[in-house]
Every structure is written in structure tokens, then in C-alpha cells.
Engineer: 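Here it is, the structure, as C-alpha cells.
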Amino acid sequence: RAMADAKRWIYEHGSATLAFYFEETYYNSETYSYYYNGTNTLNHEITVVGWNDSFSFENFAENCQPSANGAWLCKNSWSTYWGDEGYFWISYYDTSISQFAGISAQPADSYYKNYTYNGTGWESYLSHEGNAKISNVFKTGQYELLSAVATYTMSYDSEISVRVYKNLPSGYSNPEVGELVLTQTVTVPRPGYHTIDLSEEISLAPNTVFSVVIEYITDGTIYFPVEVDGQGVNSYSSNSGESFVYLPYYNKGWYDAERYGLNNVFVQALTKCDHQFFTETVDATCTDIGCETVWCSQCGKIESEKILPLLEHVFSEWSRYKHDFETDREVSIRKCELCGYVESKSIYYQKNTVRIDELISEFFEYVIVTLRMIFNYQL
């Protein structure tokens, strides 16, 4: 099954990777082929890009040939001067080949936050006879939607149950003492690291303490991922209240992983932003367009933008004509009461002519001045 699964992965994704033991003695430079049937420790890693079920066993070095045809087409890292411009064949039956590995990525912005206590990939595990549970407890920072969880499996067709609890009380010593908001059972087809989309998104308010519980379901032995000092090349540290393990074969309840030197388990929680939209408005004026923007105050996502058109000017009455000596014209102006924009109009000034509007205006000014003088005199 592993070979068929590897072929399907390469066909769908373009490549996979594997580790094996390399020694020049077992390499045939004429046919660019390699086969090893010993037990030495792995010392090299390559990229597998194809296969040929009919690749003859006779193509391999005479001192060490497999029992049947078939080989993986591999891309090496030793430049194009090595092998067939950097490529070579490795027998299906090479005894040093480790498990194939492939990575299927998705855009980083698929999720808003990744809650995790793990700084590296899985390199340590513990085994257990029968079902076992692991859990991580997290605390939210903003309004979020729990959309997926992630963990590792080591077997084909691993059955796991995912449970999510929220609003854990202070001083909790059990990740299942909160409000159960989701239960979901899935079968993971292949070993490795997996992101599991939840059947429904769970709303989480800021500062919500929640837990993700992963139960591995089996009739035999299961292997669950946990950081254990001494099992890997890295040194780990964790805090009480972060990770928990439930191993019925050894005990009858939940135990804080840090207390027993296990450090953090590999359980991640992936959230999307539960958008908190608000409207920001820049008013339009007579000279500048405005804008109405609806955007999220948490992640900055713009939900919508609306252009506000220019306002119409609100003009005052036209002023009296005044003589502009520079242009020798009569000029009248009016001003927008909103933005101060000034509009003007002018007429040509003809000497020795009398303007009726000026004559009337001057007459009334004369009458007003005269009446004021008479009034003051009588007083």
C-alpha cells in the first residue's frame, strides 16, 4: 500500500522525498542506478519525481542487484554534473529506503492564528496499548472562529476523535471540565501531520480558555506525538496547564504532561478572524471626493469601500461689480459657503458711461447719509 500511496502522491503533487543509505560501491554510473541491500544507517535524502515499473534489475551494479524490476526516478542535490544531469534511479527494493514524505501546503492567510506550543516538527512519541487521549489548552486573544485542528498520526487509516471544550474554569486540572461544544470523529488515511477541518466553526470571545482533545482509537498499539527530552535532537520546555495526557493503561485520569516530564503534546488549533467590522467615513467636500470604508478592527480586512461623490457648491449672492484696474473690467464674485471656493464674472468697463445699478446704489447711499445728518442735527 505504501508504494501505491507514494505513486499517487507524486502523481498528484509532483514529488515526494525519502531518506536512504548511499555508498559509491552500490552505484552504477553507466545506467545512473543505485541499489543497496544492507542495514547501515541513513545518510542522505533525495526528491522522488517519478517511477518506472519496468526498469530492469540488470541496470544495477553487478556486485549488488535486486531480485525484480522497478525503480524510483530521483533528483539529487549534487549538481547537474552528477548522475544523469542530477537525476538517477533507485530500486524499489533498496533495503535502506525510509518512509516517503510529502508536503501539501496552503496559503498562510487561510487562517488567522495558529495556537501551538511546538517549535519543531514531531521527533518524539510514546506508545500505548489501546485508546489514549492528548490535549492542549489555549487562551484566545481576540474574537475568533475555531475552524480546524492539527496533529500527527503514525499509521494508515488512523481513527481519531476530536473534542473541543471552552470556558474552562480557573485552576483546571482536566481539559474536559469546560463546556463541550464539538465532537467529531475522522479517519486519517495516511501517516503524517494533518490539518482537520471542523464540521462547524466555533465562536470564541477574547480571553476564552479552550481545549482541543484528540483521542486515538485503536484495538492495538497507538503512537502519539509528544515532546520528550532525550528522544530527539532538541531540548524542550513547557509550563503546567498547557498539555495533558490520558493513558488508561497506566492511570485512571488526566495528567499534566509537564509534571511527568513529557512536555507539550502536538495538538494545534487554527482559527479564523471573527470579524469586528466598523464603518469609517471621510466626508466629501465640494473639492474632494469622500470615502466610506467598512473594515475589521482586528485583522484589517476591508469588507467594502464606497466612493462619496463631490458635493455641489452653495454660493452666496453675486457681489456688486467693482473696477479691476489691472484688467480694466468690472468684476463681481460669489463664494461657496462650504469650501470657500470663489467664482467670478466680469464685464468690460466703458468710460463716460453711467451704470444704472451703480447710480441707484450711490443714490440710496446719499439718501441714507443725508437722513442720518438731519436726524443728528435735530437731536
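Only this structure's heavy atoms are used, side chains among them; waters, hydrogens and symmetry mates stay out. In this chain, numbering begins with 1 at the start of the sequence shown.
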Engineer: Could you check whether Ser56 and Asn59, counting side-chain N and O atoms only, form a donor-acceptor pair closer than 3.5 Å?
Structural biologist: no

Engineer: If you round to the nearest 0.5 Å, how far is SG of Cys64 from CG of Asn28?
Structural biologist: 11.5 Å

Engineer: Side chain of Thr285, backbone of Asp288: donor and acceptor closer than 3.5 Å?
Structural biologist: yes

Engineer: Is a salt bridge present between Lys133 and Glu176, judged by a nitrogen-to-oxygen distance below 4.0 Å?
Structural biologist: yes

Engineer: With heavy-atom distances below 4.5 Å as the criterion, would you say the side chains of Cys286 and Leu310 are in contact?
Structural biologist: no

Engineer: Just how far is it from atom CZ of Phe22 to atom CG of Asp94, taken to the nearest 0.5 Å?
Structural biologist: 10.5 Å

Engineer: Which residue in the set Val137, Leu146, Asn167, Ile202 passes side-chain contact (heavy atoms from CB on, under 4.5 Å) when paired with Phe210?
Structural biologist: Leu146

Engineer: Between Lys345 and Tyr321, is any pair of side-chain heavy atoms under 4.5 Å apart?
Structural biologist: yes

Engineer: Roughly how far apart are Thr293 OG1 and Phe277 CZ, rounded to 0.5 Å?
Structural biologist: 12.5 Å

Engineer: Does one side chain, of Tyr223 or Thr218, offer a donor that lies under 3.5 Å from an acceptor on the other?
Structural biologist: no

Engineer: With the side chain counted from C-beta on, respond yes when Ser170 and Val209 share a heavy-atom pair under 4.5 Å apart, and no when they do not.
Structural biologist: no

Engineer: Determine whether a donor-acceptor pair (N or O, by modelled atom type, separation under 3.5 Å) exists between the side chain of Thr271 and the backbone of Tyr112.
Structural biologist: no

Engineer: Hydrophobic clusters here meaning ILVMFWY residues chained together by side-chain heavy-atom distances under 4.5 Å, can you tell me if Tyr36 and Val48 are in one?
Structural biologist: yes

Engineer: Using atom types as modelled and distance alone, determine if a side-chain donor or acceptor of Ser346 lies under 3.5 Å from a backbone N or O of Val331.
Structural biologist: no

Engineer: With respect to Phe60, which candidate in Tyr34, Tyr93, Phe55 satisfies the ring pair (Phe, Tyr, Trp, His ring centres under 6.0 Å) definition?
Structural biologist: Phe55

Engineer: Just by distance, do the side chain of Ser319 and the backbone of Ile333 share a donor-acceptor pair under 3.5 Å?
Structural biologist: yes

Engineer: Nearest 0.5 angstrom please: Asn131 CG to Ser161 OG, how far?
Structural biologist: 9.5 Å

Engineer: Any non-hydrogen side-chain atom of Tyr35 less than 4.5 Å from a side-chain atom of Pro66?
Structural biologist: yes

Engineer: Do side-chain atoms of Glu12 reach the backbone of Trp9 as a donor and acceptor pair under 3.5 angstrom?
Structural biologist: no

Engineer: Within the 3.5 Å criterion, strictly below it, is a donor on Glu129 or Thr221 matched to an acceptor on the partner's side chain?
Structural biologist: yes

Engineer: Can you sort out the partners of Lys166 under salt bridge (charged side-chain N to carboxylate O under 4.0 Å, His left out), two or more places apart, ordered by chain and number?
Structural biologist: none

Engineer: Provide the closest heavy-atom pair for Cys299 versus Cys273 in the form atom of the first, atom of the second, distance.
Structural biologist: SG-SG, 3.8 Å

Engineer: Give the cluster check for Leu168 versus Tyr255: same hydrophobic cluster or not, with ILVMFWY residues linked at side-chain heavy-atom distances below 4.5 Å.
Structural biologist: no

Engineer: Do Val267 and Tyr246 sit in the same hydrophobic cluster, where Ile, Leu, Val, Met, Phe, Trp and Tyr count as joined when their side-chain heavy atoms come under 4.5 Å apart?
Structural biologist: no

Engineer: Membership question, hydrophobic clusters at under 4.5 Å side-chain separation (ILVMFWY): are Trp51 and Leu73 in the same one?
Structural biologist: yes

Engineer: Might you point out which heavy atoms bring Gly121 and Tyr152 nearest each other, and give the distance in Å?
Structural biologist: CA-OH, 3.5 Å

Engineer: Does anything in residues 60-85 pair up under side chain to side chain donor-acceptor pair (under 3.5 Å), and if so which pairs, sequence neighbours excluded?
Structural biologist: His44-Asn76

Engineer: I want to check something: taking the side chain as every heavy atom from C-beta on, are Phe57 and Ser91 in contact at a cut-off of under 4.5 Å?
Structural biologist: no

Engineer: Parallel, tilted or perpendicular: which fits the ring planes of Phe244 and Trp254, with parallel below 30° and perpendicular above 60°?
Structural biologist: perpendicular

Engineer: Would you say Glu123 and Asn234 are linked by a side-chain donor-acceptor pair, where the criterion is simply a distance under 3.5 Å?
Structural biologist: yes

Engineer: Short question: side chain of Thr140, backbone of Leu204 - any donor-acceptor pair under 3.5 Å?
Structural biologist: no

Engineer: Hey, could you give me the OG1/CD1 distance between Thr153 and Ile160, rounded to the nearest 0.5 Å?
Structural biologist: 7.0 Å

Engineer: For Phe278 and Trp295, I'd like to know if the aromatic rings sit close, meaning centre-to-centre distance below 6.0 Å.
Structural biologist: yes

Engineer: Tell me whether Ile103 is reachable from Ile10 by hopping between hydrophobic residues (I, L, V, M, F, W, Y) whose side-chain heavy atoms are closer than 4.5 Å.
Structural biologist: no

Engineer: Using modelled atom types only, decide if a donor and an acceptor are shared between the side chain of Tyr172 and the backbone of Gly241 within a distance under 3.5 Å.
Structural biologist: yes

Engineer: Passes salt bridge (charged side-chain N to carboxylate O under 4.0 Å, His left out), Asp53 versus Lys7? Steps please.
Structural biologist: CA-CA 11 Å; Asp53 294 337; Lys7 289 179 178 179; 2.8 Å; yes

Engineer: Show, in sequence, the C-alpha distance, side-chain angles and deciding distance for Ser240 and Asp256, and conclude whether the side-chain hydrogen bond (donor to acceptor under 3.5 Å, both in side chains) test is met.
Structural biologist: CA-CA 7 Å; Ser240 177; Asp256 192 306; 3.1 Å; yes

Engineer: Asn37 and Tyr26: side-chain hydrogen bond (donor to acceptor under 3.5 Å, both in side chains), yes or no, with the steps?
Structural biologist: CA-CA 9 Å; Asn37 64 350; Tyr26 302 95; 5.3 Å; no

Engineer: We want to know whether Tyr21 and Asn40 form a side-chain donor-acceptor pair, criterion being a heavy-atom distance below 3.5 angstrom.
Structural biologist: yes

Engineer: Please find the pair of heavy atoms, one from Gln298 and one from Asp274, that lie closest to each other, and give the distance.
Structural biologist: NE2-O, 3.6 Å

Engineer: Any sub-3.5 Å donor-acceptor pair from Gln184's side-chain atoms to Ser199's backbone N or O?
Structural biologist: yes

Engineer: For a quick check under 3.5 Å, do Asn136 and Ser243 share a side-chain donor-acceptor pair by atom type?
Structural biologist: yes

Engineer: Just jot down the side chain to side chain contact (heavy atoms under 4.5 Å, CB included) partners of Glu201, sequence neighbours excluded, or say none.
Structural biologist: Leu145, Ser147, Lys272

Engineer: Could you verify whether a donor N or O on one side chain and an acceptor N or O on the other, from His194 and Thr151, lie under 3.5 Å apart?
Structural biologist: no

Engineer: Let me confirm one number: the OG1-OH distance from Thr120 to Tyr236, rounded to the nearest 0.5 Å.
Structural biologist: 4.0 Å

Engineer: Go through it in stages, so that I can follow the logic: the residues are Glu215 and Arg163, the test is salt bridge (charged side-chain N to carboxylate O under 4.0 Å, His left out), and I'd like the CA-CA distance, side-chain angles, deciding distance and then a yes or no.
Structural biologist: CA-CA 8 Å; Glu215 180 175 11; Arg163 288 190 284 277; 3.1 Å; yes

Engineer: Picking from Asn114, Asn118, Thr195, what satisfies side chain to side chain donor-acceptor pair (under 3.5 Å) with Gln268?
Structural biologist: Asn118

Engineer: Could you go through Arg8 and His13, starting from their C-alpha distance and side-chain angles, then the distance that decides it, and tell me whether this counts as side-chain contact (heavy atoms from CB on, under 4.5 Å)?
Structural biologist: CA-CA 8 Å; Arg8 182 168 58 253; His13 300 278; over 6 Å; no

Engineer: Is there a side-chain contact between Leu18 and Ile46 in this structure, where contact means two heavy atoms from C-beta onward sitting under 4.5 Å apart?
Structural biologist: yes

Engineer: Given side chains that start at C-beta, do those of Lys139 and Asn207 come closer than 4.5 Å, heavy atoms only?
Structural biologist: yes

Engineer: Please check if the side chain of His128 supplies one atom and the backbone of Tyr249 the other of a donor-acceptor pair under 3.5 Å.
Structural biologist: yes

Engineer: Decide, yes or no, whether a salt bridge links Glu317 with Arg334 under the criterion of side-chain N to carboxylate O below 4.0 Å.
Structural biologist: no

Engineer: Taking the side chain from Glu305 and the backbone from Cys291, do they hold a donor-acceptor pair closer than 3.5 Å?
Structural biologist: no

Engineer: Quick one: does Ile90's side chain get under 4.5 Å of Ile97's, heavy atoms only?
Structural biologist: yes

Engineer: Measure from the ring center of Tyr32 to the ring center of Tyr27 and say whether it is less than 6.0 Å.
Structural biologist: no

